[in-house]
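Only a predicted model underlies this, so the values are computations on that prediction, with no experimental measurement involved. Just so it is clear: chains get the letters A, B, ... in the order the sequence lines come, proteins before strands, and each one is counted from 1.
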Protein chains: 2
Amino acid sequence: MIDRFIRQCNGLWIESGFCRGILHLMKKVTIQDIARVSGVSKSTVSRVLNGTAQVNPEKKKAVLDATKRLGFQPNVLAQSLASGRSSSVGVLTQMIGSPFYDAISQGLIAGLSGTNYSPIFADGRWEKAEQKDALNALVGRRVDGVVVIGGTLSSAQVSKITGELPVLLVARKCDLNQYPAISVNNEFGAYQATKHLLESGHQRIALISGLSDHGDAKDRFKGFQRAVLEAGLSFEERLVVDGDFSAESGVKGIETLLAQGVEFTAVFAANDLTAYGARLALSRAGLRVPEDVAVVGFDDQMESQYMTPPLSSVRQPAREMGERAAEAMVQLLGEANFESIELVPELVIRQSSEVRR
Amino acid sequence: MIDRFIRQCNGLWIESGFCRGILHLMKKVTIQDIARVSGVSKSTVSRVLNGTAQVNPEKKKAVLDATKRLGFQPNVLAQSLASGRSSSVGVLTQMIGSPFYDAISQGLIAGLSGTNYSPIFADGRWEKAEQKDALNALVGRRVDGVVVIGGTLSSAQVSKITGELPVLLVARKCDLNQYPAISVNNEFGAYQATKHLLESGHQRIALISGLSDHGDAKDRFKGFQRAVLEAGLSFEERLVVDGDFSAESGVKGIETLLAQGVEFTAVFAANDLTAYGARLALSRAGLRVPEDVAVVGFDDQMESQYMTPPLSSVRQPAREMGERAAEAMVQLLGEANFESIELVPELVIRQSSEVRR
DNA sequence: TTGTAAGCGTTATCAC
DNA sequence: GTGATAACGCTTACAA
């Protein structure tokens, strides 16, 4: 009864002042309403709105008019349920607010806009349980595909949750080569940075590393080590201190090195944040950058060029990775294939590692 | 036929090796499957899963077992469509990747976790059209409520899209007092910062302002102006240069002031990013911070404490705003009321504005 | 306590 | 071209 009333009302609400009054309990406009108002069937409305078939121009116009007049907005939920696809891709990121992952997300948003897909984000926070929950939530929303940015889930764990959905890995490699991945060669980036310091005349380079169970951190460590050994130097454990990618760990790292009396003329930090912390600790200790100690970071996050002195860093093409990921996912969704790609990071040299004269 | 086969298969798939083989075309497990396997009706399954009613313990166990065995994951879309609520709140943010808004988002995520609601993010990018699109997308997903972080949409424009949905404004005020808002007193923050500089002995303070059509920027400008006038100084237009909240505009701002020969001993920047740029330009010009020029920013973004020297800044409780927003939205969703609140930002004094001796 | 059946707002498969 | 009508997977009266 009330239902019938409201629906009828719906058909007229633009004109009826009374209807406006009960706006707060007004039901949403559906294609059924449009059908009634424009004198056609639901199916025809659907056809017009989706362009799925030829429709008589007059009816088409009537439908379009009604759609506009009633302010119809399709119910995405119902569309997805009925069609079996949600036109959305789930994005599992790690820590909204961390510069590198955010830049990838931005790229994804940009790359996806203009396509038929829209991203749904979930935050894994680098916690295994949270990543699983987040992934489950995405799958529960019936996303058509999943982009996993970083994280610590094995591909087996991912596939257990995502099942047959297309999956794309970003900023990480796939342990089983089961999924295509867009990654960056962290080892090479670290190698370049270290080599640059060596070529600038530094013989004793300290490394403040990242989380030891973190793939990127391991690769960066390897690159560092390779450069040192290739230069014919012996690898000294004492020059390496543990960090966790935070600025605070950069401070601690330098303090530890100093307290232990380790001598060094350069520092390579696992990421820029760590480099910021290191730089602060150095200045507190009265050491000048780059005159006394050179500093190089990794990520080239935006703030780095504004540090004093501007920070040399290994640039990861984060935004580009996101954009490529968007393209790749659209391809995968179109049943096409996509081959993994590995991008090469680029060393950006600024004053923090200026050659000493 | 094939459908029947697969469904039957579903009931056994854990045990059947053959079924595993056709995994890729396996349909998703539904409550119907669980019902069949555990010998009860759909409704009972729903009751058990949602705890909506008392169920015979044995049947309950059977259902739970089957759920686990089949790896059932509820279809959120169908749930929402059937129940009329999506258990999600739409979050319209501006520019994923900008520190202040990201921090609010993090707070929201944190505050919402543990409740029955999960956030869905959309990015308005400070563009009117994009904000509308994003809002429409959220409403189309039938979110139960909307949190609007910043942005340039008037409340009339918002309400046109959101209709009767509960709306909460964050980091902005409501033009019509139509919606509750969680905001920060930008005017007072700027006033404090400026007063601090004045009390430190600065008489000629430059302002690099934010976007002129941006509410926050206007308020910060007003606070600056009030402090200057209250100190009995005359307000000099020449000391104010336009910026746009970017680091680059900080560089430009200082360059402009210097080129125009404007004398100043302190700079108040519209936000930290601008302050970073200003600091770089100052050092390029051979001016020391804080000895020659003191610098204060706004936002206190994380990197600020690692600048050289560490940057004084007006801290906005961004994360807390997000958390409060989450609570508030849950209240609104529970039909409860929520009164707007305005938080007071706190000035954090660091070396960049150290008193000159 | 449990099952049956009627929606929720679409899309998609039929006949006509 | 177009209109019934059956899904889609779930919730929720309403009966039993």
Enumerate the ring-ring contact (aromatic ring centres under 6.0 Å, His included) contacts for residues 28-66 of chain A, please, sequence neighbours excluded, ordered by first and then second residue. none
Think A:Lys60 has a side-chain N or O under 4.0 angstrom from the OP1 or OP2 of D:dT2? no
Using a 4.0 Å heavy-atom cut-off, write out nucleotides 11-16 of chain C from 5' to 3' as B (base contacted by protein), S (sugar-phosphate only) or - (no contact). BBB---
Contacts of A:Pro74 and B:Val40 projected onto DNA chain C by closest heavy atom; the upstream (5') one is B:Val40
Do any pairs count as a salt bridge (charged side-chain N to carboxylate O under 4.0 Å, His left out) and have a residue in residues 109-128 of chain A, sequence neighbours left out, and if so which ones? A:Asp123-A:Arg125
Suppose we screen for side chain to side chain donor-acceptor pair (under 3.5 Å). Which residues come up paired with B:Lys61, at least two apart in sequence or across chains? B:Asp65
Does OP1 or OP2 of C:dT2 have a side-chain N or O of B:Lys59 closer than 4.0 Å? yes
Looking at five pairs on each end of the helix from C:dT1-D:dA16 to C:dC16-D:dG1, what is the angle between the two axes, given to 10 degrees? 40°
Here the side chain to side chain donor-acceptor pair (under 3.5 Å) pairs for residues 49-60 of chain B, sequence neighbours left out, are B:Ser46-B:Asn50
Counterpart residues, side chain to side chain donor-acceptor pair (under 3.5 Å), relative to B:Arg47 (two or more places apart): none
side-chain N/O A:Ser41 vs D:dG3 OP1/OP2, d < 4.0 Å: yes
Out of D:dG9, C:dG9, D:dT2, which nucleotide sits closest to the side chain of B:Thr30? D:dG9
Give, for atom OG1 of B:Thr115 and atom CG of B:Leu333, the distance between the pair rounded to the nearest 0.5 Å. 8.5 Å
Which residues share a side chain to side chain donor-acceptor pair (under 3.5 Å) with B:Ser43, sequence neighbours left out: B:Ser41
When rounded to whole Å, the CG to C1' distance for the pair A:Asn75 and D:dC10 reads 14 Å
Those residues at least two apart in sequence (or on a different chain) that pass salt bridge (charged side-chain N to carboxylate O under 4.0 Å, His left out) with A:Asp102 are none
Please give, in whole Å, the distance from D:dC8 C1' to B:Leu77 CG? 10 Å
Nearest-Å distance, CG (A:Leu81) to P (D:dT11)? 12 Å
Any pair with a residue in residues 120-144 of chain A that passes ring-ring contact (aromatic ring centres under 6.0 Å, His included), sequence neighbours left out, goes on the list, sorted by first then second residue, please. A:Tyr101-A:Trp126, A:Trp126-A:His214
For DNA chain C, which residues of residues 134-145 of chain A approach it to below 4.0 angstrom with any heavy atom? none
What distance separates A:Glu164 CD from B:Lys28 NZ, expressed to the nearest 0.5 Å? 6.0 Å
Kindly write out the residues that satisfy side-chain contact (heavy atoms from CB on, under 4.5 Å) with A:Leu49, not counting sequence neighbours, or none if the list is empty. A:Ile31, A:Val45, A:Val63, A:Leu64, A:Thr67, A:Phe72
